[in-house]
Amino acid sequence: MRQAMATAEVGDDVFDEDPTVRSLEERSAELFGLDAGLFVASGTQGNLCALLTHCRPRQEVIAEHRCHVVTWEVGGWASLAGVTMATVDAPRGVLTPTLLEGAIKPDNIHLVDTRLIWVENTHNAAGGTCTTPSDLDAITGVARTHNLRVHIDGARIFNAAAALDVPVADLARGVDSIQFCLSKGLGAPVGSLLIGEASFIEEARRVRKMVGGGMRQVGVLAAAGHVALDETPSLLPQDHANALELAQLLSDVPGLSVDLDIVETNIVYFGIGHELGRPSTFAAELDELGVRVVGFDETGRCRAVTHHQVSADDVRQAATIIHDHAATHR
Ligand SMILES: *Cc1c(COP(=O)(O)O)cnc(C)c1O
């Protein structure tokens with residue numbers, strides 16, 4: 001990947017002259033069965049460009065309440081896009097027609113104008129859970145009936161495709177836009193793609209400039225993205241097997257609680273019993289022992305994520321370290 005970055009052919013992408021960025025945008029659009037793509041700095045920037053392009057201020061977005069855009073993107077939907085969020089509670093993070101029908105506002109001067117349905121696939125906070133092609137068909141069906149648009153936050157969509165054993169295009173069928181990250185499970189250092197219809201991407205390109213995302217000789221980053229798309233998707237099933245093994249091993253550790261039923265991809269959440277201290281403290285202690293997890297005090301859990309540089313042996317070693325460290329708290 002570093003070699004590809006060093007030898008990348010580049011140009012000024014603000015003038016649409018970077019061949020490596022162009023080919024990555026075209027390739028990504030083709031992969032998802034949509035017209036055009038836009039290279040952006042991050043998942044957050046891709047999601048923000050989607051909000052600013054699909055919506056006008058005073059419109060509303062329907063999203064599951066734990067979605068990344070709702071909680072972890074600094075509230076840009078409110079402060080920058082000027083939209084409101086109608087949040088719904090979906091057990092596995094998967095939207096259903098019933099939930100959507102209940103959240104769509106009727107035409108009434110007292111109410112905001114429902115504009116966009118937001119799907120997160122995989123759903124990070126729900127456990128890395130997948131929205132299937134048939135779940136998505138039900139969602140886009142509701143969107144068509146009510147003349148709404150659908151955006152997918154597909155930061156982790158290649159994990160969903162691997163877990164469901166379908167092409168990523170099947171997870172974008174009938175949607176208006178999708179954002180995916182090169183920098184999560186795919187393992188590139190930087191970058192995301194926003195994909196949609198040609199006219200949507202043309203407008204999003206202007207929006208990206210507005211939010212400071214017009215980058216010049218950025219082919220050095222796109223080159224890494226090409227390598228990520230070439231090499232990493234086929235490695236994801238192993239990450240998922242490793243995550244499941246980690247979850248099973250952690251479920252036997254006294255003081256930890258693991259919901260094995262939601263472990264579908266490369267994310268493992270484990271609840272931290274009171275006797276083990278706060279999740280953030282427990283995570284910091286594990287870091288000292290060479291195991292990196294994130295602690296979320298607000299939900300009482302830690303999150304471990306596997307990727308292609310973590311082996312099955314690494315996972316077993318991590319589980320042993322976590323087991324032994326938990327025992328020191330009792
Ligand atoms: C990580 C993530 C993002 C944001 O990506 P950044 O590149 O960190 O801005 C958005 N959505 C989901 C579901 C994510 O997991």
Side-chain angles (χ1 to χ4, degrees), residues 24 28 32 37-52 54 61 63-77 79-81 85 87 90 92-95 116-131 135-136 150-163 168 171-172 175 177-195 204 207-208 211-213 215 218 221-222 224-225 228-229 232 236 239-240 243 262-269 292-294 296 299 301-307:
L24 182 65
S28 301
F32 284 87
L38 182 69
F39 185 78
V40 291
S42 64
T44 300
Q45 188 174 69
N47 284 342
L48 178 62
C49 288
L51 282 173
L52 286 164
H54 283 305
V61 179
E64 211 277 337
H65 71 112
R66 296 163 294 176
C67 277
H68 197 279
V69 72
V70 176
T71 37
W72 297 111
E73 296 178 16
V74 206
W77 52 272
S79 55
L80 299 172
M85 280 280 171
T87 56
R92 300 176 75 88
V94 177
L95 296 174
L116 181 66
I117 297 173
W118 193 275
V119 175
E120 185 174 310
N121 196 13
T122 69
H123 194 306
N124 182 340
T129 46
C130 302
T131 293
D135 295 331
L136 187 65
V150 180
H151 172 74
I152 300 188
D153 175 356
R156 301 168 185 276
I157 197 140
F158 282 86
N159 291 95
V168 285
L171 301 176
V175 309
S177 60
I178 174 161
Q179 177 276 120
F180 77 89
C181 290
L182 297 161
S183 55
K184 295 284 172 74
L186 295 187
V190 184
S192 291
L193 272 296
L194 179 63
I195 300 163
V207 167
R208 182 188 67 172
V211 298
M215 298 181 280
V218 69
L221 299 182
L229 287 176
T232 324
L236 299 177
D239 296 346
H240 297 174
I262 59 168
V263 182
E264 295 182 32
T265 56
N266 66 332
I267 294 180
V268 179
Y269 284 98
R292 304 211 71 192
V293 301
V294 183
F296 297 101
T299 51
R301 12 176 241 183
C302 287
R303 185 190 67 183
V305 180
T306 57
H307 56 83

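Whatever order the structure lists ligands and atoms in, that order sets their numbers, starting from 1. What's counted below: heavy atoms across the whole structure, side chains too, no hydrogens, waters or symmetry copies.
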Side chain or backbone, does [X] bring an N or O within less than 3.5 Å of an N or O on ligand 1?
X	value
S183	no
Q45	no
C181	no
E120	no
Q179	no
K184	yes

Query raised in the report: Considering only heavy atoms from C-beta outward, does the side chain of C67 approach that of H123 to under 4.5 Å?
Result: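 Yes, their side chains come closer than 4.5 Å.
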Report summary line: Heavy-atom closest pair (R208 atom, F39 atom, distance to 0.1 Å) is NH1-O, 2.5 Å
Requested in this report: Determine the minimum heavy-atom distance between S28 and F180, stating which atoms define it.
Outcome: OG-CZ, 3.7 Å
Give me the nearest non-hydrogen protein atom to [atom] as residue plus atom name, then the distance to 0.1 Å.
atom	answer
atom 12 (C) of ligand 1	A155 CB, 3.3 Å
atom 4 (C) of ligand 1	H68 CE1, 3.4 Å
atom 9 (O) of ligand 1	T44 OG1, 2.6 Å
atom 11 (N) of ligand 1	D153 OD2, 2.6 Å
atom 6 (P) of ligand 1	G43 N, 3.5 Å

Requested in this report: Report the residue from R303, K184, H68 that forms a side chain to side chain donor-acceptor pair (under 3.5 Å) with N124.
Outcome: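 Going through R303, K184, H68 one by one, the side chain to side chain donor-acceptor pair (under 3.5 Å) with N124 is satisfied by R303 alone.
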Query raised in the report: For the side chain of T122 and the backbone of A160, is there at least one donor-acceptor N/O pair under 3.5 Å apart?
Result: no
So if I apply the side chain to side chain contact (heavy atoms under 4.5 Å, CB included) rule between [X] and each of [options], which one comes out positive?
X	options	answer
L193	L38, L24, L229	L24
V94	V119, T131, L136	T131
N121	V168, I178, I157	I157

